[in-house]
Amino acid sequence: MSPNTVRFRAFAARYGQTIHQLNMRMSVAVIRNKDAEQRAKEKAEAPVVKTEEQVKKEEELRAKYGTTARESIKEHKEAPVSIWKRKFRSLPEGKAVDLFADVVGDAFILAVAGGLITYEYWRSSQKPDKNKEMIEELQRRMEELRIKEEELEAEERRQHERVQLIEEALRAFKDPKTKLPLLAAPTATA
């Protein structure tokens with residue numbers, strides 16, 4: 001193997017171990033049951049009935065060393081170690097490298113997927129919105145129709161005024177034979 005390969009393998013193994021430690025800590029933190037731990041601790045501290053032989057053996061140890069093994073463990077026992085400071089058993093180098101490779105591969109796939117989602121979002125925001133364009137076109141056409149309708153109403157009023165002027169002029173003229181107006185006066189309809 002080349003020196004670069006060896007260095008990369010050592011790098012991958014080191015970070016594979018780090019990932020393993022983090023993974024184990026998270027797993028233990030998630031499945032940790034504080035009630036079960038407390039019950040186990042209380043059960044472990046419960047008094048135990050000892051035989052005469054066990055009592056004699058403890059007295060001999062106390063006389064020889066000043067304490068028994070169990071008492072020395074209790075004396076040296078420190079506060080419980082936090083999950084986040086605890087060290088778990090290391091993985092073999094091959095498994096650590098494999099774990100690192102899996103994490104890097106998954107991170108690459110996640111980065112590509114995130115990049116594609118971001119690109120598609122950006123691209124769709126740059127496209128004109130077809131629905132918005134259609135709504136704007138319909139609004140423009142409605143405005144044109146409203147203007148046309150107003151023009152037609154104005155033209156209709158002008159035509160109506162012209163017709164009334166013509167009718168008034170015709171009412172003013174009289175038939176030379178009958179001496180009656182050419183147009184009869186309008187009758188009021190109620």
Side-chain angles (χ1 to χ4, degrees), residues 1-140:
M1 281 202 263
S2 72
N4 288 337
T5 306
V6 171
R7 275 198 312 227
F8 181 74
R9 187 168 179 81
F11 172 82
R14 183 174 62 241
Y15 284 102
Q17 293 295 349
T18 303
I19 292 167
H20 169 68
Q21 293 294 320
L22 180 64
N23 188 22
M24 291 301 295
R25 288 176 184 141
M26 289 174 60
S27 297
V28 169
V30 167
I31 61 173
R32 189 174 194 178
N33 184 346
K34 295 208 183 256
D35 294 334
E37 286 179 10
Q38 184 62 30
R39 284 192 305 269
K41 184 178 178 184
E42 289 170 359
K43 188 175 181 181
E45 292 174 353
V48 178
V49 178
K50 299 178 183 174
T51 63
E52 277 184 42
E53 188 176 301
Q54 289 173 330
V55 172
K56 284 182 182 178
K57 190 173 183 181
E58 278 187 13
E59 287 175 0
E60 288 173 6
L61 286 172
R62 208 174 278 125
K64 188 174 182 181
Y65 299 110
T67 183
T68 62
R70 179 171 274 183
E71 289 170 348
S72 75
I73 290 173
K74 282 183 183 179
E75 289 172 5
H76 291 91
K77 197 170 192 180
E78 296 175 11
V81 177
S82 167
I83 292 291
W84 302 107
K85 293 180 181 177
R86 182 175 168 190
K87 281 288 195 185
F88 292 90
R89 188 175 345 141
S90 298
L91 288 175
E93 182 186 2
K95 286 188 178 184
V97 171
D98 289 344
L99 178 62
F100 178 76
D102 289 343
V103 169
V104 168
D106 291 346
F108 177 76
I109 290 170
L110 184 63
V112 169
L116 286 174
I117 289 170
T118 304
Y119 171 73
E120 286 298 322
Y121 175 76
W122 174 80
R123 198 177 93 190
S124 68
S125 69
Q126 298 301 314
K127 270 189 194 176
D129 187 9
K130 290 190 183 237
N131 290 334
K132 184 179 178 185
E133 287 179 352
M134 287 175 57
I135 290 171
E136 288 172 353
E137 176 65 22
L138 288 173
Q139 287 176 339
R140 186 185 57 76

Which residues satisfy the side-chain contact (heavy atoms from CB on, under 4.5 Å) test with Lys95, sequence neighbours excluded?
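Here the qualifying residues are Leu91, Pro92.
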Distance, nearest 0.5 Å, that separates CG of Leu99 from CG of Asn23
7.0 Å
Euclidean distance, Thr18 OG1 relative to His20 NE2, rounded to 0.5 Å:
10.5 Å
How would you list, by chain and number, every residue that makes a ring pair (Phe, Tyr, Trp, His ring centres under 6.0 Å) with Phe8, sequence neighbours excluded?
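Residues passing ring pair (Phe, Tyr, Trp, His ring centres under 6.0 Å) with Phe8: none at all.
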So, for Ala96 and Gln17, which heavy atoms are closest and what is the spacing to 0.1 Å?
CB-NE2, 3.6 Å
Atom of Ser2, atom of Thr5 and distance for their closest heavy-atom approach
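Closest approach of Ser2 to Thr5, heavy atoms only: OG-OG1, 2.8 Å.
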Give every residue pair that meets the side chain to side chain donor-acceptor pair (under 3.5 Å) criterion with at least one member in residues 126-139, sequence neighbours excluded.
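Qualifying pairs, neighbours excluded: Glu137-Arg140.
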Within residues 91-119 or reaching into it, pairs that qualify as ring-ring contact (aromatic ring centres under 6.0 Å, His included) - sequence neighbours excluded:
Phe11-Phe100
All pairs passing salt bridge (charged side-chain N to carboxylate O under 4.0 Å, His left out) where residues 7-25 contributes a residue, at least two apart
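For residues 7-25, and leaving out neighbouring residues, the salt bridge (charged side-chain N to carboxylate O under 4.0 Å, His left out) pairs sorted by first residue read Arg9-Glu93.
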For the pair Lys57 and Glu53, evaluate side-chain contact (heavy atoms from CB on, under 4.5 Å) and give the outcome as yes or no after the intermediate values.
CA-CA 6 Å; Lys57 190 173 183 181; Glu53 188 176 301; 5.8 Å; no
Indicate yes or no: at least one non-hydrogen side-chain atom of Phe88 is less than 4.5 angstrom from one of Val28.
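Counting from C-beta outward, Phe88 and Val28 do come under 4.5 Å.
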Partners meeting salt bridge (charged side-chain N to carboxylate O under 4.0 Å, His left out) with Glu120 (sequence neighbours left out):
Arg123
